[in-house]
K.L.:
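Okay, here's the structure, questions in a sec.
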Amino acid sequence: SPSPPAVAPVTTGAGGDGVGGGVGTPLVRSSFPEQRPHVCVCVLSHNRLHLLNATLRAVVSYLERDERLRYEVVWVDNGSHERAALQRVWTSVGGVEKAALLGYNAGIAYGVNTLLRRLCTAPYALTLEEDWLLQRATALRYARRHGGRGVLASAMRVLLHDERVLGVVLRNETFDVHLKPSGVLT
């Protein structure tokens, strides 16, 4: 069996270089590093770091402005060839608590297990890939329909109150594949 990939630490730099189509003004996180997070924002990437900036800025901005949960950001890069961009991409999102830069593509399962089992400390996890973009307008419409409760807080509540539920899917494009409007599983 192959040995696990090497893990390299990531530090947050002080300047941006336009990674992700323009880093823009760095976001300021209300608490960094977060010592007691409610939710772990887990990001897995591979060779598409130009998309990562927008993904992270959207979720961090939403959490800071709308959801107001304590959160941590953890990241696994699964052997990207864009090694020079790896350190700089985090400037725009106000920091990352933990990261693993894998030396080669160890696969999605290894990357996700590294995120959830080695890096994440929060009791709840929001898993993302570098091309998944949180749609703030959709999340805010949901909150208005549900008494102001945010999407992540609602998902956490479901998981807390029903031990039969193992996870909550928050992606619009997967709804019709997994659930029909009648609630019948397909």
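Note that this is a predicted model, so its numbers are computed, not measured. The analysis underlying the following values was restricted to heavy atoms, covering all of them including side chains, and did not include hydrogens, waters or symmetry mates.
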K.L.:
Looking at Leu166 and Leu159, what are the two nearest heavy atoms and their distance?
P.N.:
C-CD2, 3.9 Å
K.L.:
Under a 3.5 Å cutoff, is there a donor and acceptor pairing between the side chains of Glu97 and Tyr71?
P.N.:
no
K.L.:
Hey, does Leu140 have a side-chain heavy atom less than 4.5 Å from the side chain of Arg144?
P.N.:
yes
K.L.:
With side chains defined as the heavy atoms from C-beta onward, is the minimum distance between Glu72 and Pro33 less than 4.5 Å?
P.N.:
no
K.L.:
Nearest 0.5 Å, please: how far is CG in Leu128 from CG in Leu44?
P.N.:
10.0 Å
K.L.:
Where do Leu119 and Val74 come nearest, in terms of heavy atoms and distance?
P.N.:
O-CG1, 3.7 Å
K.L.:
Check the pair Val39, Glu67 against side-chain contact (heavy atoms from CB on, under 4.5 Å), reporting the backbone distance first and the verdict last.
P.N.:
CA-CA 11 Å; Val39 66; Glu67 192 89 21; over 6 Å; no
K.L.:
Do Cys40 and Thr121 have side chains that get closer than 4.5 Å, going by heavy atoms?
P.N.:
no
K.L.:
I'd like to check the salt bridge (Lys or Arg N to Asp or Glu O under 4.0 Å) partners of Glu34; sequence neighbours left out, ordered by chain and number.
P.N.:
Arg70
K.L.:
Please evaluate residues Cys42 and Leu116 with respect to the criterion side-chain contact (heavy atoms from CB on, under 4.5 Å), reporting the C-alpha separation (whole Å), side-chain torsions for both, the decisive distance (0.1 Å), and the verdict.
P.N.:
CA-CA 8 Å; Cys42 303; Leu116 297 175; 3.9 Å; yes
K.L.:
Can you tell me if Arg48 has over 12 outside heavy atoms packed within less than 6.0 Å of its CZ?
P.N.:
yes
K.L.:
Check side chain to side chain donor-acceptor pair (under 3.5 Å) between Thr127 and all other residues, then give those that pass, not counting sequence neighbours.
P.N.:
none
K.L.:
Where do Val73 and Arg29 come nearest, in terms of heavy atoms and distance?
P.N.:
CG2-NH1, 3.7 Å
K.L.:
Would you say the side chain of Trp75 lies within less than 4.5 Å of the side chain of Leu101, judging by non-hydrogen atoms?
P.N.:
yes
K.L.:
Take a 6.0 Å sphere around CG of Leu160 and say whether it holds more than 12 heavy atoms from other residues, nucleotides or ligands.
P.N.:
yes
K.L.:
I want to check something: taking the side chain as every heavy atom from C-beta on, are Leu69 and Met156 in contact at a cut-off of under 4.5 Å?
P.N.:
yes
K.L.:
Rounded to the nearest 0.5 Å, how far does CG of Asn47 lie from NE2 of His81?
P.N.:
4.5 Å
K.L.:
Can His38 and Leu152 be said to form a side-chain contact (heavy atoms from CB on, under 4.5 Å), step by step?
P.N.:
CA-CA 10 Å; His38 286 125; Leu152 297 178; over 6 Å; no
K.L.:
How long is the span from the CD atom in Glu129 to the NE2 atom in His46, to the nearest 0.5 Å?
P.N.:
11.5 Å
K.L.:
Can you sort out the partners of Tyr124 under side chain to side chain donor-acceptor pair (under 3.5 Å), two or more places apart, ordered by chain and number?
P.N.:
none
K.L.:
Measure the spacing between CG of Asn105 and CG of Asp77 and express it to the nearest 0.5 Å.
P.N.:
9.0 Å
K.L.:
For Ile108 and Asn78, which heavy atoms make the closest approach, and how far apart are they?
P.N.:
N-ND2, 4.0 Å
